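Within every chain, numbering begins at 1; the chains are lettered A, B, ... in the order of the sequence lines, protein sequences first and strands thereafter. Being a predicted model, the structure only gives us computed values, none of them experimental.
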There are 2 protein chains.
Amino acid sequence: MELQKHSRESVAELLRRHGINPTHQRIEIGYALFQSPQHPSADQILAMVNARHAETSKATVYNTLKLFVEKGMVRELIVDPSKIYYDPNTSVHHHFYDVAAGELADIPAAGVHIEGLPPLPPGMVTEGIDIIVRTRPAR
Amino acid sequence: MELQKHSRESVAELLRRHGINPTHQRIEIGYALFQSPQHPSADQILAMVNARHAETSKATVYNTLKLFVEKGMVRELIVDPSKIYYDPNTSVHHHFYDVAAGELADIPAAGVHIEGLPPLPPGMVTEGIDIIVRTRPAR
DNA sequence: GCTTGAATTAGACAAAGTCAAAATTCTAAT
DNA sequence: ATTAGAATTTTGACTTTGTCTAATTCAAGC
Ligand SMILES: [Mn+2]
Ligand SMILES: [Mn+2]
Ligand SMILES: [Zn+2]
Ligand SMILES: [Zn+2]
């Protein structure tokens, strides 16, 4: 057993733990998200979910991803002007972004420190700190 | 004299220094960009430029902003999933982003250090490092 | 088998941005 | 002055990503 990190059953359990009713569509979307190509866009998820046969509508994919974000099950990454990428890893970490290929790679939080940030504007609270290292192929 | 940091003449000069032929439209767009509301979007610039009377088309605003970015005269800020913000300050610095209001505020680079970043993926070169502190109103 | 609330769907719509072709303006010869 | 060629701008159609609303389907509980 344990051939895959995430079975549909373990995704259902993850949904329950985040207070999300694990319907068929939500399980498929979560499953797609936690599978392979780290950091997919909504469009890619829609394609993955419906690869074998039509299973889920566009509206449901967008609604569900928004729900996942609200419930803290996934994170949005805003690095590309034209689409949102989704990150199944919600723990603190940062990213390389290959602007030529449009691909993201994780930077583990361990060892990364930011020093000397000024205090927040008054009355504001931090929602998150993103470090994005934009890269491109040399020469 | 010197009532404004940037006159149309000084914008024209800035364009020339960046190898951009200073046409009427480009000067107006640059002037709008360097005026006030720090970090405008393309849409806001279009509105500013045409506030008094129609002066510049949508295509020219988008083309020109892209040209400015290519020539290194302004910087794009990707912080919002729905629009690009433009930053007339190209020196190294970072940003607070109020996700509720959609407003950016500068964080001067002085004193801010990032430690412990891993080496770049092989064959890649850094294009820039962005730190975005996402904030929202408390409570 | 009904009833009801939750979830999903289709399809129209909106916003931001792109693109190609036509029109205009500029430049620099003749 | 005239004209050719290049650069710039414009128009308007188009694409992509995402949103919205109303209709439909689904899942329990009775
Ligand atoms: Mn866009
Ligand atoms: Mn969008
Ligand atoms: Zn990640
Ligand atoms: Zn700035």
Side-chain angles (χ1 to χ4, degrees), chain A residues 8 11-12 15-16 18-33 39-50 53-71 73-87 99 102 104, chain B residues 8 11-12 15-16 18-33 39-50 53-71 73-87 99 102 104:
Chain A
R8 281 174 174 78
V11 170
L15 290 169
R16 280 185 215 101
H18 283 86
I20 300 168
N21 185 18
T23 64
H24 177 66
Q25 284 88 339
R26 287 170 180 172
I27 290 170
E28 288 303 314
I29 291 167
Y31 183 72
L33 196 40
H39 311 110
S41 66
D43 216 47
Q44 290 173 317
I45 290 169
L46 179 61
M48 285 188 264
V49 165
N50 292 324
H53 57 282
E55 212 154 3
T56 306
S57 71
K58 182 172 77 153
T60 296
V61 168
Y62 279 91
N63 289 344
T64 299
L65 289 171
K66 193 177 292 185
L67 176 68
F68 287 0
V69 171
E70 271 172 30
K71 297 294 191 177
M73 207 184 85
V74 306
R75 203 221 288 201
E76 286 181 340
L77 297 178
I78 313 295
V79 294
D80 183 288
S82 73
K83 55 176 58 126
I84 299 175
Y85 291 104
Y86 291 90
D87 193 336
V99 297
L104 284 156
Chain B
R8 281 173 175 80
V11 169
L15 290 168
R16 280 184 215 102
H18 283 87
I20 300 168
N21 185 18
T23 64
H24 177 66
Q25 284 87 341
R26 287 168 180 171
I27 291 171
E28 289 303 315
I29 291 167
Y31 184 71
L33 195 40
H39 311 111
S41 65
D43 217 48
Q44 290 174 316
I45 291 170
L46 179 61
M48 284 189 265
V49 165
N50 292 324
H53 57 282
E55 218 160 353
T56 306
S57 71
K58 183 172 76 152
T60 295
V61 168
Y62 279 91
N63 289 344
T64 299
L65 289 170
K66 192 176 291 184
L67 177 68
F68 286 1
V69 170
E70 271 171 31
K71 298 293 191 174
M73 207 185 84
V74 306
R75 204 219 288 199
E76 285 181 341
L77 297 177
I78 314 295
V79 294
D80 182 289
S82 73
K83 55 175 59 130
I84 300 175
Y85 292 103
Y86 291 89
D87 193 336
V99 297
L104 285 156

- Taken to the nearest whole Å, CD/A/Glu28 to C1'/C/dA7 is 16 Å

- Message: side chain to side chain contact (heavy atoms under 4.5 Å, CB included), that's the test. Do A/Val49 and A/Tyr31 meet it? Break it down for me.
- Response: CA-CA 9 Å; A/Val49 165; A/Tyr31 183 72; over 6 Å; no

- Task: Taking only the side-chain heavy atoms of A/Gln25 (C-beta and beyond), determine which of D/dT9, C/dT9, D/dA7 contains the nearest atom.
- Result: C/dT9

- Message: Is there a side-chain contact between A/Thr60 and the phosphate of C/dT9, meaning an N or O under 4.0 Å from OP1 or OP2?
- Response: yes

- Query: So, the side chain of B/Gln44 versus the backbone of B/Ser41: is there a donor-acceptor pair under 3.5 Å, distance only?
  - Reply: yes

- Query: Tell me: CG of A/Leu65 to P of D/dG18, nearest whole Å?
  - Reply: 9 Å

- Euclidean distance, atom CG of residue A/Leu46 to atom P of D/dT17 [Å, nearest integer]: 11 Å

- Rounded to whole Å, CD1 of A/Ile20 lies from P of C/dA7 at a distance of 10 Å

- Item | Any donor-acceptor N/O pair under 3.5 Å between D/dG18 base and A/Lys83 side chain | no

- Message: Here's a test of your reading of the structure: between B/Glu55 and B/Lys58, which maps to the more 5' nucleotide of DNA chain D?
- Response: B/Glu55

- Query: Under the 3.5 angstrom rule, does the side chain of A/Asp87 hit a backbone N or O of A/His39 as a donor-acceptor pair?
  - Reply: no

- Query: Contact class for B/Ser41 (heavy atom, under 4.0 Å): base, sugar-phosphate, or nothing?
  - Reply: nothing

- Query: Which whole-number value in Å describes the distance from B/Ile29 CD1 to D/dT9 C1'?
  - Reply: 10 Å

- Message: With a 4.0 Å limit, can you tell me whether A/Asn21 has a side-chain N or O closer than that to the phosphate oxygens OP1/OP2 of C/dA7?
- Response: yes

- Spacing of CD1 belonging to A/Ile20 relative to OG1 belonging to A/Thr64, to within rounding of 0.5 Å: 9.0 Å

- Message: In whole Å, I'd like the distance from the OH atom of A/Tyr86 to the P atom of D/dT17.
- Response: 12 Å

- Message: Test side chain to side chain contact (heavy atoms under 4.5 Å, CB included) on B/Tyr86 and B/Arg75; report intermediate values, then the result.
- Response: CA-CA 6 Å; B/Tyr86 291 89; B/Arg75 204 219 288 199; over 6 Å; no

- Determine, for nucleotides 20-30 of chain D in 5'-to-3' order, which nucleotides have protein heavy atoms under 4.0 Å from the base (write B), from only the sugar-phosphate (write S), or from neither (write -). B----------

- Got a donor-acceptor contact below 3.5 angstrom from the A/Arg8 side chain to the A/Ile27 backbone? no

- Task: First locate atom CG of B/Asp43, then atom CD1 of B/Ile84, and finally report the distance between them rounded to the nearest 0.5 Å.
- Result: 12.0 Å

- Note on the structure: Atom CG of A/Leu67 and atom C1' of D/dT19 are separated, to the nearest Å, by 16 Å

- Task: Give a yes/no on whether any side-chain N or O of B/Tyr62 is located under 4.0 angstrom from OP1 or OP2 of C/dG17.
- Result: yes

- Whole-Å distance between D/dT17 C1' and A/Ile78 CD1? 12 Å

- Message: Does C/dA7 have its OP1 or OP2 closer than 4.0 Å to a side-chain nitrogen or oxygen of A/Thr23?
- Response: no

- Note on the structure: When B/Asp43 and A/Thr64 are each assigned the nearest nucleotide of DNA chain C, the 5'-most assignment goes to A/Thr64

